[in-house]
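To start, the structure under review is shown below, and the notes come after it.
If you read the sequence from its start, that first residue is 1, and numbering goes on from there. All heavy atoms count here, side chains included; hydrogens, waters and symmetry mates do not.
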Amino acid sequence: MTTTKDLSKHPCFNRESAGSCGRVHLPVAPKCNIMCNFCNRKYDCVSESRPGVTSAVLTPEQAVLYMEKVLEKEPRITVAGIAGPGDPMANPEAIETIRLLKEKFPQMLFCLSTNGLALPARAAELAELGVSHVTVTVNAVDPKIGARIYAWARDGKVIHRGENAARLLLERQMEGIKILKQKGVIVKSNTIVIPGVNDRNVLEVSKKLSELGVDIQNIMPLFPVAETPFAEVPAPTAEMIKDLRASAGEMLPQMSHCKRCRADAVGLLCNDRSGELAPLLSECSHTVPGADLSTRPYVAVATREGMLVNMHLGEAHRFQIWKQEGIGFSYVEDRYAPDPGAGPKRWEELAKVLSDCRAVLVAAYGETPRKVLTAAGVLPYECSGFLETALTEVYGAGDLSLLKSRRKGLGKACGCSGGSGEGCG
């Protein structure tokens with residue numbers, strides 16, 4: 001049975017619905033495949049609203065649980081979106097989240113924001129999954145200008161820099177948008193105005209987007225952020241933005257009600273509740289859906305020295321098992337990993353070995369073991385650093401999901417500098 005959706009109920013794409021329809025951003029995508037010179041995701045405090053920041057990172061299964069709880073608090077939510085904190089297309093978890101949400105909430109509108117680098121390879125799949133709205137950030141259509149905006153772009157295992165990076169990104173953005181429009185997906189494009197860098201190129205961007213059939217453009221001002229190459233670049237004046245929107249509006253519709261939302265934004269655009277619901281987000285980030293934690297007292301750790309979390313899941317031939325004891329932790333035993341030659345069944349065997357563990361802490365892991373272990377109730381977490389710190393957080397004295405964030409350069413040390421430029425989406 002096909003569910004008919006009212007596509008006008010997306011508050012970001014349709015201003016008329018902004019006061020009655022809400023959105024929730026599900027932070028399931030910590031990794032990014034480009035480095036924008038205006039982006040700094042390492043600060044997060046609940047009073048700031050800017051792309052790329054979140055108070056926790058969720059697994060796809062945790063995102064579904066969080067969605068259920070959010071709808072209890074705010075039934076006016078009509079849109080489930082993925083906007084980071086990195087780029088959704090650089091994170092397989094984003095696609096998996098949409099699949100799970102579609103099964104549970106078929107009436108919901110699904111959207112995501114992306115820089116577009118990996119979009120062509122997944123655009124058709126997004127349309128098939130029922131993603132109705134996609135935002136692609138396009139800041140330049142001249143590679144020379146783009147080279148000043150982006151430090152690098154990573155395509156697979158290859159790092160591109162300078163004009164090569166900007167040219168590749170632009171090609172992928174154009175190709176991805178074409179595929180989305182062929183598939184009937186509504187497309188918005190964000191364009192950040194950076195004075196002295198791309199301000200004279202913005203209307204060329206608008207012209208190209210119009211030719212591609214983009215439905216709406218969001219011309220937005222750079223908000224300089226500390227510790228970025230554009231920290232000292234002056235923000236564009238309100239008059240500059242107004243004039244650019246007026247001129248660009250002759251080519252395609254313009255958005256003027258953007259709130260520069262966080263990667264964990266929730267609620268109406270005029271009444272964001274991400275700060276209020278941050279404890280709920282944190283609670284879900286600690287939850288193993290369907291698992292009774294009372295029967296899982298232990299945590300497994302992939303470590304070489306015993307003091308640090310520093311091994312890839314696939315490299316670990318044994319795991320240290322730890323448990324909470326009073327206000328500290330005690331070592332229990334070592335457990336050996338299954339034979340690597342067992343193929344995919346290796347992860348099923350590992351899930352059995354760690355069946356009384358609520359989590360396994362590793363330096364990195366792949367998508368297949370993540371799915372298998374999570375389905376068995378053993379949450380894998382990417383993190384690095386001292387073992388005691390990680391254990392303190394996994395047992396609830398902190399937020400374990402932020403360990404992954406710190407490893408990616410998204411630490412929680414609060415140094416809120418206000419807004420920032422648009423994140424990777």
Side-chain angles (χ1 to χ4, degrees), residues 10 12-13 25-36 39 51-52 60 79-99 101-102 109-143 146 149-160 164-192 205-206 208-218 252 255 263 367 422-425:
H10 195 308
C12 303
F13 287 71
H25 286 175
L26 302 169
V28 296
K31 303 173 186 175
C32 199
N33 49 13
I34 67 173
M35 184 66 246
C36 304
C39 184
V79 180
I82 301 175
D87 189 84
M89 298 291 88
N91 295 264
E93 294 88 348
I95 297 293
E96 180 67 14
T97 299
I98 294 170
R99 284 200 181 97
L101 289 173
K102 184 179 179 181
L109 295 176
F110 302 118
C111 77
L112 60 81
S113 299
T114 176
N115 58 50
L117 182 63
L119 181 58
R122 310 306 291 266
E125 182 179 11
L126 292 177
E128 291 168 7
L129 278 173
V131 175
S132 57
H133 299 72
V134 173
T135 295
V136 185
T137 298
V138 182
N139 296 319
V141 290
D142 181 341
I149 299 174
Y150 307 105
W152 50 259
R154 184 177 62 250
D155 185 27
K157 295 183 179 180
V158 179
I159 301 291
H160 300 267
N164 288 336
R167 186 175 295 107
L168 175 65
L169 177 60
L170 179 61
E171 290 172 356
R172 297 286 180 81
Q173 291 170 337
M174 301 299 101
E175 182 183 356
I177 291 173
K178 287 179 183 177
I179 297 172
L180 290 175
K181 293 312 303 174
Q182 289 169 359
K183 297 293 182 179
V185 177
I186 299 173
V187 178
K188 174 168 69 71
S189 180
N190 289 343
T191 302
I192 304 151
V205 173
S206 303
K208 185 62 180 178
L209 295 175
S210 176
E211 294 171 354
L212 292 170
V214 168
D215 297 275
I216 186 171
Q217 183 184 23
N218 179 20
L252 75 168
M255 179 182 184
E367 178 62 8
E422 177 73 355
C424 297

Within residues 165-187 or reaching into it, pairs that qualify as ring pair (Phe, Tyr, Trp, His ring centres under 6.0 Å) - sequence neighbours excluded: none
side-chain hydrogen bond (donor to acceptor under 3.5 Å, both in side chains): pairs with one or both residues in residues 178-188, sequence neighbours excluded: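 Only T135-K188, K181-D215, K188-N190 qualify under side-chain hydrogen bond (donor to acceptor under 3.5 Å, both in side chains).
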Heavy-atom closest pair, residues [X] and [Y]:
X    : Y    : value
A123 : G176 : CB-O, 4.2 Å
K102 : G130 : NZ-N, 4.5 Å
I216 : L252 : C-CD1, 4.3 Å
G146 : A140 : N-CB, 3.9 Å
V131 : V185 : O-CG2, 3.8 Å
P85  : P30  : CG-CA, 3.9 Å

Pairwise salt bridge (Lys or Arg N to Asp or Glu O under 4.0 Å) hits with a residue in residues 123-140, at least two apart: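 For residues 123-140, and leaving out neighbouring residues, the salt bridge (Lys or Arg N to Asp or Glu O under 4.0 Å) pairs sorted by first residue read R99-E125, R122-E125.
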Criterion side-chain contact (heavy atoms from CB on, under 4.5 Å) on V205 and N139, from CA distance to verdict: CA-CA 7 Å; V205 173; N139 296 319; over 6 Å; no
Residue among V28, I82, I98 satisfying side chain to side chain contact (heavy atoms under 4.5 Å, CB included) with P88: I82
CA sep, side-chain torsions, deciding dist, call: I177, L209, side-chain contact (heavy atoms from CB on, under 4.5 Å): CA-CA 9 Å; I177 291 173; L209 295 175; 4.1 Å; yes
Nearest 0.5 Å, please: how far is [atom2] in [Y] from [atom1] in [X]?
X    : Y    : atom1 : atom2 : answer
L169 : N115 : CG    : CG    : 6.0 Å
H133 : L126 : NE2   : CG    : 14.0 Å
L112 : N91  : CG    : CG    : 11.0 Å
Y150 : L170 : OH    : CG    : 9.0 Å
T137 : L117 : OG1   : CG    : 12.5 Å
L129 : E96  : CG    : CD    : 10.0 Å

Side-chain donor/acceptor of T114 to backbone N/O of D87, under 3.5 Å: no
Pairing residues for P120 by the side-chain contact (heavy atoms from CB on, under 4.5 Å) criterion, not counting sequence neighbours: R172, E175, I179
Results of side-chain contact (heavy atoms from CB on, under 4.5 Å) for R154 - residues two or more places apart only: N33, W152, I159
Residues that H25 engages under ring pair (Phe, Tyr, Trp, His ring centres under 6.0 Å), provided they are two or more places apart: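 Here no residue qualifies.
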V214/V136 under side-chain contact (heavy atoms from CB on, under 4.5 Å): CA gap, chis, key distance, verdict: CA-CA 10 Å; V214 168; V136 185; over 6 Å; no
Set of residues satisfying side-chain hydrogen bond (donor to acceptor under 3.5 Å, both in side chains) with respect to Q217, sequence neighbours excluded: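 Listed in chain order: T191, S206, Q254.
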Test log, rule side-chain contact (heavy atoms from CB on, under 4.5 Å), inputs H160 and R167: CA-CA 10 Å; H160 300 267; R167 186 175 295 107; over 6 Å; no
